[in-house]
Amino acid sequence: QLQVQESGPGLVKPSETLSLTCIVSGGSITTENYFWGWIRQPPGKGLEWIGSMYHSGSKYYNPSLRSRVTISGETSKNHVSLNLTSVTAADTAVYHCVRQIGLGSWAFDYWGQGFLVTVSS
Amino acid sequence: QSALTQPASVSGSPGQSITIPCTGTSSDVGSYNLVSWYQQHPGKARKLMIYEVNKRPSGVSNRFSGSKSGNTASLTISGLQAEDEADYYCCSYVGSVTLVFGGGTRLTVL
């Protein structure tokens with residue numbers, strides 16, 4: 001059974017870079033036709049798709065975050081990483097690692113439990 | 001993009017059928033057959049129940065079905081069971097490589 005677990009610093013200072021890792025077990029991030037990405041949910045607000053990547057290198061980002069976000073895969077470790085630069089309090093959220101069923105479906109069949117990141121000095 | 005509109009809560013008795021609407025616009029739900037639905041039990045990860053409007057992933061009960069009419073997508077649960085009590089979220093592709101989610105609906109099984 002595929003399992004997904006997010007990890008990283010729970011507290012980040014404003015203007016710094018938020019870095020999270022998604023550890024995937026029970027399956028490979030290189031499985032054909034599946035993308036990996038991140039979705040976040042600020043406290044009391046709705047879900048927001050951040051971006052997705054394919055193991056071959058294709059990457060797709062939310063236009064509203066594109067200038068600050070990088071998603072990358074470490075195939076040797078079966079990890080997916082998220083970097084979000086120049087964070088502000090508005091980036092405080094629960095961040096979920098997700099697996100996407102191909103690019104065309106825009107559906108996510110595995111979700112991590114989520115990891116709360118607070119941006120505060 | 002504005003969030004998709006879902007009722008905050010719905011309820012039904014065991015054995016009944018309920019429908020959760022998800023209302024968008026002609027730019028999202030109305031334009032693309034790329035609506036998905038997710039179930040979340042307290043303290044658990046979200047689970048994909050329906051994708052591409054009406055497709056069920058392997059392992060999802062056929063009591064769950066999806067449909068779309070105009071700018072509104074719907075999730076129908078038939079033969080309601082106690083285990084169906086959860087939060088449900090809809091999601092739609094909106095073009096330009098981005099998505100919009102609904103605010104979620106709390107389903108209570110009476």
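Side-chain atoms are counted along with the backbone in the values below, which use heavy atoms only and exclude waters and symmetry mates. Proteins come first, then strands; the chains are lettered A, B, ... in the order of their sequence lines, and each starts at number 1.
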Legend entry - Intermediate values then yes/no, side-chain contact (heavy atoms from CB on, under 4.5 Å), A:Ile39 and B:Leu99: CA-CA 10 Å; A:Ile39 291 172; B:Leu99 301 168; 5.6 Å; no
Inset, instruction - Identify which part of B:Ser92 has an atom lying under 4.5 Å from any heavy atom of chain A, answering side chain, backbone, both or neither. - result: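 Neither the backbone nor the side chain of B:Ser92 comes within 4.5 Å of chain A.
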Legend entry - Verify same cluster id: A:Trp38, A:Tyr54 (apolar side-chain graph, 4.5 Å): no
Legend entry - Shared hydrophobic cluster, A:Ile50 / B:Val94 (ILVMFWY, side-chain heavy atoms < 4.5 Å):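 No, A:Ile50 and B:Val94 fall in different hydrophobic clusters.
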Legend entry - Most chain B-contacting option - heavy-atom pairs closer than 4.5 Å, from A:Ser64, A:Gly46, A:Pro63: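 Ranked by heavy-atom pairs under 4.5 Å with chain B, first place is A:Pro63.
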Inset, instruction - Could you have a look at A:Tyr61, A:Trp49, A:Tyr110 and say which one has the most heavy-atom pairs with chain B under 4.5 angstrom? - result: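 The answer is A:Trp49.
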Gap between atom [atom2] of [Y] and atom [atom1] of [X] - 0.5 Å precision:
X	Y	atom1	atom2	answer
A:Gln41	B:Tyr89	CD	OH	5.5 Å
B:Thr98	A:Asn62	OG1	CG	4.0 Å
B:Arg46	A:Leu47	CZ	CG	4.5 Å
A:Asp109	B:Tyr38	CG	OH	8.5 Å

Inset, instruction - Describe, in one word, how the ring planes of A:Trp106 and B:Tyr93 are oriented to each other, choosing from parallel (under 30°), tilted (30 to 60°) and perpendicular (over 60°). - result: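 Ring orientation, 0 to 90° scale: parallel.
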Inset, instruction - Step through the shown structure and confirm whether more than 12 heavy atoms of other residues, nucleotides or ligands are within 6.0 Å of CZ on B:Arg106. - result: no
Legend entry - Closest non-hydrogen atom pair between A:Gln113 and B:Ala45, with its separation: OE1-N, 3.3 Å
